[in-house]
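Here is how names work: the chains are called A, B, and so on, in the same order as the sequence lines, proteins then strands, and each is numbered from 1.
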Amino acid sequence: MPIPADWPTSEAEALAEQERLRALVEPYGPGPAEGDLVAGVDVAYDDERDLVVAAAVLLDHTTLRVVEEATAVGRIAFPYIPGLLAFRELPAVLDALAALTRTPDLVVCDGYGLAHPRRLGLASHLGVLTGLRTYGVAKTPFTFTSTAPGSERGSWAPLMDVPAGEGGEPGPGEGRAEEVVGRAVRTRTGVKPVFVSVGHRIGLDEATASTLHLARDYRQPETTRRADSLCRRALTDLQRASA
DNA sequence: GCGACAG
DNA sequence: ATCTTGTCGC
């Protein structure tokens, strides 16, 4: 599928679109239920040929069994600009999700949701566009900060957005308060944490519990691992086919 | 202006 | 994201 005709073309348009969508995010809701289908999505790029391959892998959230897989190929829709990642990745991701024969009850993204400069990371953006329940799991702190969670699997610490220029005590009426935007979660004992944030229609406690369930054997959720390997394999296959 | 910066 | 070998450890 081609990139949507109304997809933002400039940074200014993208910022305006985020401003419009941010009001529609619902940062609360239940976690997955017994037998729910969870989708993992991820993308791989070939900047040389301006190609992007997205993968969507459906798992049974309870058993972690793979139920279905789908991929989609497209043109890169937007340059990589921190804070505007969704505009680069989502067109292909939407196509991959559409290629599934079943609708996921939850989508786990590789990146952030509410933990975003304007509170609309790709997970939240995807949730608002599709109405699906979503959350994000990122591998690095981006611009946020947290204290180190305990070293045991299951430990976590709040992920904070610290307003710029806040060194001392912000007197009454001065500055903006620090805001909890997610959690640094230790999914494996002794291994660096991942960063969980709400996307849409799910709460932070629920997203954290789901992450720990999906990341029982590895640092990253099984959904992300499966989607990551699938899209890279698909990209490699595609590259070798055209050569 | 400069540096930092999800993937 | 992607470019890239071997190596230490469970």
Hey, does the side chain of [X] come within less than 4.0 Å of [N]'s phosphate (OP1/OP2), counting only N and O?
| X | N | answer |
| --- | --- | --- |
| A:Lys139 | B:dA6 | no |
| A:Arg232 | C:dT2 | yes |
| A:Thr143 | B:dA6 | no |

Which whole-number value in Å describes the distance from [X] [atom1] to [N] [atom2]?
| X | N | atom1 | atom2 | answer |
| --- | --- | --- | --- | --- |
| A:Phe195 | B:dG7 | CZ | P | 10 Å |
| A:Arg49 | C:dT2 | CZ | P | 14 Å |
| A:Leu84 | B:dA4 | CG | P | 20 Å |

Base, sugar-phosphate or nothing for [X]? Non-hydrogen atoms, less than 4.0 Å.
| X | answer |
| --- | --- |
| A:Leu122 | base |
| A:Ile76 | nothing |
| A:Ala115 | nothing |
| A:Gly83 | base |
| A:Asp47 | nothing |

Please indicate whether A:Arg65 has more than 12 foreign heavy atoms, meaning atoms of other residues, nucleotides or ligands, lying under 6.0 Å from its CZ.
no

For A:Arg216, does the CZ atom sit with more than 12 other heavy atoms under 6.0 Å from it, leaving out its own atoms?
no

Starting at OH of A:Tyr45, measure out to OH of A:Tyr80 and round the result to the nearest 0.5 Å.
9.5 Å

Compare the minimum distances between each of B:dC5, C:dT2, B:dG7 and the side chain of A:Asp110, then state the nucleotide with the smallest one.
B:dG7

Answer yes or no for this row: A:Tyr45 ring on B:dG7 base, centroids under 5.5 Å, planes under 30°.
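Check failed, A:Tyr45 does not stack on base of B:dG7.
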
Under 3.5 Å, is there a donor-acceptor pair between the A:Arg49 and A:Ser242 side chains?
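There is such a pair between these side chains.
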
